[in-house]
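All chains are named by letter (A, B, ...) in the order of the sequence lines, taking the proteins before the strands, and each is independently numbered beginning at 1.
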Amino acid sequence: MLAYSLKRLLLAALVVLTVSGITFIMTNAAIDPAKAIAGANATIEDIEALRRSFGFDRPLVIQYLDWLGNALTGNFGESYRLRTPVAELLLDRLPVTMTLGGCALLFALSLSIPLGVVAALKPNSPVDRLALSLSVLGQALPTFWFALMMIILFGIVLRWLPISGSGSWAHFVMPSIALGYYATPAFMRLTRAGMIEVLASDYIRTARAKGLRPATVLFKHALRNAVIPVVSLAAVQFGFMLGGSVVIETIFALHGVGFLAWESISRSDIPVVQAIVLLISLFYIFLTLLADLLNAYLDPRIRVG
Amino acid sequence: MSAILEVENLRVEIPLATGTLVPVRGISFSVQRGETLCIVGESGCGKSLTSLSIMNLLPKRAKRTANRLLLGGADLQGMDERAMSDVRGNRMAMIFQEPMTSLNPAYTIGNQLEEAFLRHRKASRREARERAVFLLEKVGISAAASRLGQYPHQLSGGLRQRVMIAMALMCGPELIIADEPTTALDVTIQAQILHLLATLQRELQMGVMLITHDLGIVARVADRVAVMYAGEIVESGTVHEVFSRPLHPYTQGLLRCIPVPGKTRRGSHLGSIPGVVPALFGEPTQCNFANRCEYATPACTAAPVPLTPLSEGRAYRCILPVETCIANQARAVAA
Amino acid sequence: MATSTVFGAARLSPEQMLAPSPMALLRRRVFGHRSLMFGIIVLGLMVAMAVGAWFVAPHDPYAQSLASRRIPPIWHAWFWDNPKAGWEHILGTDKVGRDYLSRLIYGARISLVIGIATMLISGIIGTTLGVMAGYFGGRVDMVVTFLITTRLSMPVVMVALAVVALYGSSLEVVILVLGFLLWDRFAVVMRSVTMQARSLDYVTAAQAIGCSTPHILLREILPNILNSLVVVATVEMANAILLEAALSFLGLGVQPPLPSWGLMLSEAKEDMFFSPWMITLPGICLFLLVLSINLLGDGVRDVTAPENRN
């Protein structure tokens, strides 16, 4: 167990190192950071001076190691654009994105698990077919277009919800739905398949033979086992949602990490971009570890050796 | 003695695209208090569906009909799912074939033992726990109290089947239905489990309906036997009657398949019954066993064969007279 | 009487009806599968439109006309008596007077080119890695698993956006970026199906009699993984199309004046309220294209492996 955990951690560190390395080198190789800092009106001498003072004249690998060393202490450098420490910017924006991701996940799960259960109870029934059709249609809907359609309907025509900003809970309703619905089909299919398999299992027959009430059989004995894979998928999906937040936050002008990423990318604010990519891949690694832990927590066969 | 379970003309039908499958075709039997009835037959003869249909746990598509289906005098057919669930696990309980998969992996043994008791009795958690410990000890599990916190995967197959038996006993049922309870276990464990079942049955005066394909088990635990073939009972009687004087050619063939220590000579061939079970679609038009029977005559395929009662509980389904059957058996054993 | 003999010859003989050939069975399943037929027909129409765009499109998709800006589609003439709408521009025009139908037709080209090219690049990378990991196992598998984890931990949209923004946005850059980002599913699926295929008895037998590795991979493994490959390929093609649209919508994908559907949506954003068709139509096109590709993939899976259905 200890050896396994150590191996996992080592792998995780290696992944983060690779991702940050790729990002750092690709972003720094693409443009001249000194020019980006100096602005359009700078003279060649100014740029040269800047380059030396920031250490951009050193080899990329050295610069990367330098950056990594600082990153480990929580120092991600300074934004070229806003002249504030990147770490501060991120901390400021992170709550919005986490809230968005959490709400989106909650929306996806609370829609897909009941649908999956109902579909599994009566396979090939009209309800099941409807749920499957919805999931096929949902999978083909472009997220950002779905968001625009919602804006037109609920924001402009009906005027129920605000269409941009992040001031109140109402600002999170449409973005959460737009970000969450895309994961719904996968959750639903997994719940449905799991339920169908579990409901046909011997221990469900045992539970019924004990005379337990249908609700007890369904929720205590069946659902608990059927959602184990859904829970680990949910953890991983949460990571993908944080990454996907860039599109949704941009459309709704929700001031989270995704919006910050888009702003920084379009203005070549490289330190911010590097930090965000590193942050998201760290989150992803953390969430896959969390998924394993959750799995072990829910499945005694893994937890109790 | 009074009957715990009375079954008359039980049928199970499964409508399929190609026709209606009738895996159980009008069988009748009863189980008395303190008695073990064994239902024997090869796989696919409908014995498991018979047990599930009594519990009303058949697959959704299957339909059950019967003239009478009484548990301790109460009509099971008239009960809706709610009333039925009050009976299941309470007045009758079931033990299944696969102890490895019949327990929920996500909950502790204690939890799964207690829940049936909590469901059917107005009892506190503590009482349920005490009952669980008492029964685990009864089924021969050591350190019972500490087992309650364990998960199924931490127990061996034999232990799990003991837990399943304890679970069936939680509410003190009048009838236990055991469907091949030892098939998945090692031979040594099999003997222990059967012995345990027999002891408990005597002690608690329950009716036991044991489903098996193993005649060795029948000989050891049964009071009475019903032999099933292709969805029908082909012979029934006390274990002594059936084993010492089998009448139906199928029963005779089955008995010839078991080696008897001291009698079966080393190197000699054990019996076998050639042929396959007929497909069980629609109504029978002839003796179902005729295509595998060495004594078959044209009369056997002309019309279905009714069950001929001989005495109380003794019957056989063959057009040959009893004397001919006995003579056939004698000749076959001699050869 | 000539017609009756023709019909007579086409009728199946009793033997054929009792034991249909595998091809006939497959044909029957394909035609009986409604969503697969829908996918084939819609995708076929889109491809035909894209290929014959210069012939099908009524106007030059780039021709601007100040006089005919923001003309609504024809149904505005039918239902709201809008005098501007008419047959000249069936689906209306955009804010610089370009014919919307023609732009949509040419847009299908871009989506299909991006979808197919990305699918090919990522398919080659992912399948190679996955098959190698699944077949050789051990160290190779460890390295590939590491690569997959690394790739999965990179946020696709952000990395794609960053690369396109920094290296210049063009069709080629978008294709290359997406191709190098979307191989993970190919690798994951191909790895596991190859592992399964490798443990099949006849593959072991082929190894035992000393067949060469390329021979085994091509003759024994490939036929087994082809089904999954087709399904993943459709999923990734659809994915690439959606991602390109998202990038272009954010202004960091294909550049104007190319008629990418995502770009059209981006350009129509400010006209959302007064000219809603501008935002509805490209979205519906995207939806239909992605839906038909997904249905094709699901259908192929159902038809070739009916025992695996749900």
Side-chain angles (χ1 to χ4, degrees), chain A residues 1 113 117-128 190-192 194-232 292-305, chain B residues 48 51-52 54-60 79 81-109 111-121 149-154 160 163-164 167-168 170-171 173 176-179 184:
Chain A
M1 199 62 197
I113 291 182
V117 170
V118 172
L121 283 178
K122 291 194 171 164
N124 290 322
S125 67
V127 186
D128 182 31
L190 205 58
T191 311
R192 178 180 177 274
M195 275 306 270
I196 286 181
E197 194 190 318
V198 169
L199 284 175
S201 70
D202 287 347
Y203 57 82
I204 292 302
R205 196 180 52 185
T206 309
R208 292 182 61 207
K210 277 193 260 185
L212 300 179
R213 297 197 190 287
T216 317
V217 175
L218 186 63
F219 293 109
K220 179 180 172 187
H221 285 274
L223 194 57
R224 161 77 186 261
N225 285 295
V227 297
I228 293 176
V230 180
V231 169
S232 12
D292 284 3
L293 286 178
L294 278 173
N295 230 332
Y297 173 72
L298 287 172
D299 191 343
R301 280 168 294 186
I302 303 174
R303 173 164 37 112
V304 195
Chain B
S48 285
S51 63
L52 288 175
I54 292 166
M55 295 289 280
N56 200 11
L57 288 175
L58 286 171
K60 268 182 205 153
M79 291 183 183
E81 182 53 33
R82 214 189 153 75
M84 207 46 221
S85 72
D86 285 337
V87 172
R88 281 199 292 256
N90 186 11
R91 295 184 58 194
M92 62 176 169
M94 194 155 174
I95 301 164
F96 295 98
Q97 179 174 356
E98 280 294 335
M100 307 309 278
T101 52
S102 291
L103 289 164
N104 192 330
Y107 296 100
T108 59
I109 304 298
N111 186 324
Q112 296 185 61
L113 279 168
E114 288 154 24
E115 66 179 347
F117 197 69
L118 293 170
R119 157 77 175 84
H120 294 294
R121 300 270 180 278
Q150 288 191 314
Y151 287 93
H153 72 271
Q154 295 171 291
R160 284 192 220 186
V163 170
M164 286 297 289
M167 198 181 277
M170 278 303 279
C171 294
I176 293 259
I177 300 175
D179 185 1

Interchain contact, B:Met164 with chain A, by part (heavy-atom threshold 4.5 Å): side chain
Side-chain contact, heavy-atom cut-off 4.5 Å: B:Ile109 with B:Arg160? no
Closest-packed option against chain A by number of heavy-atom pairs under 4.5 Å, given B:Asn90, B:Asn111, B:Leu118: B:Asn111
If we only count heavy atoms from C-beta on, is the B:Arg88 to B:Asn56 side-chain gap below 4.5 Å? yes
Checking heavy atoms, do the side chain of A:Arg224, its backbone, both or neither come under 4.5 Å from chain B? side chain
Please classify the contact between B:Met167 and chain A as side chain, backbone, both or neither, with a heavy-atom cut-off of under 4.5 Å. side chain
Count the heavy-atom pairs under 4.5 Å between each of B:Ile95, B:Thr101, B:Leu103, B:Ile177 and chain A, then report the option with the highest count. B:Thr101
Pairs of heavy atoms under 4.5 Å with chain A: top-ranked of B:Met55, B:Glu98, B:Glu115, B:Met94: B:Glu115
Do A:Asp128 and A:Arg192 come close enough that some side-chain heavy atom pair is under 4.5 Å? yes
Is there a side chain to side chain contact (heavy atoms under 4.5 Å, CB included) between B:Arg119 and B:Ser85 once you walk through the steps? CA-CA 10 Å; B:Arg119 157 77 175 84; B:Ser85 72; 3.1 Å; yes
Given a strict heavy-atom distance threshold of 4.5 Å, which part of B:Ala93 is in contact with chain A: side chain, backbone, both, or neither? neither
Chain A heavy atoms under 4.5 Å from B:Gln150: which part of the residue, side chain, backbone, both or neither? neither
Heavy-atom count around B:Glu81 CD within 6.0 Å, excluding the residue itself: above 12? yes
Given the rule in the side chain to side chain contact (heavy atoms under 4.5 Å, CB included) test, do A:Asn225 and A:Tyr203 qualify, once you have shown the distances and angles that lead to the verdict? CA-CA 11 Å; A:Asn225 285 295; A:Tyr203 57 82; 3.4 Å; yes
Name the region of B:Leu52, side chain, backbone, both or neither, that has any atom closer than 4.5 Å to a heavy atom of chain A. side chain
CD-OH distance between B:Gln112 and B:Tyr107, expressed to the nearest 0.5 angstrom: 9.0 Å
Top residue by heavy-atom pair count (under 4.5 Å) with chain B, among A:Leu212, A:Ile228, A:Leu298? A:Leu212
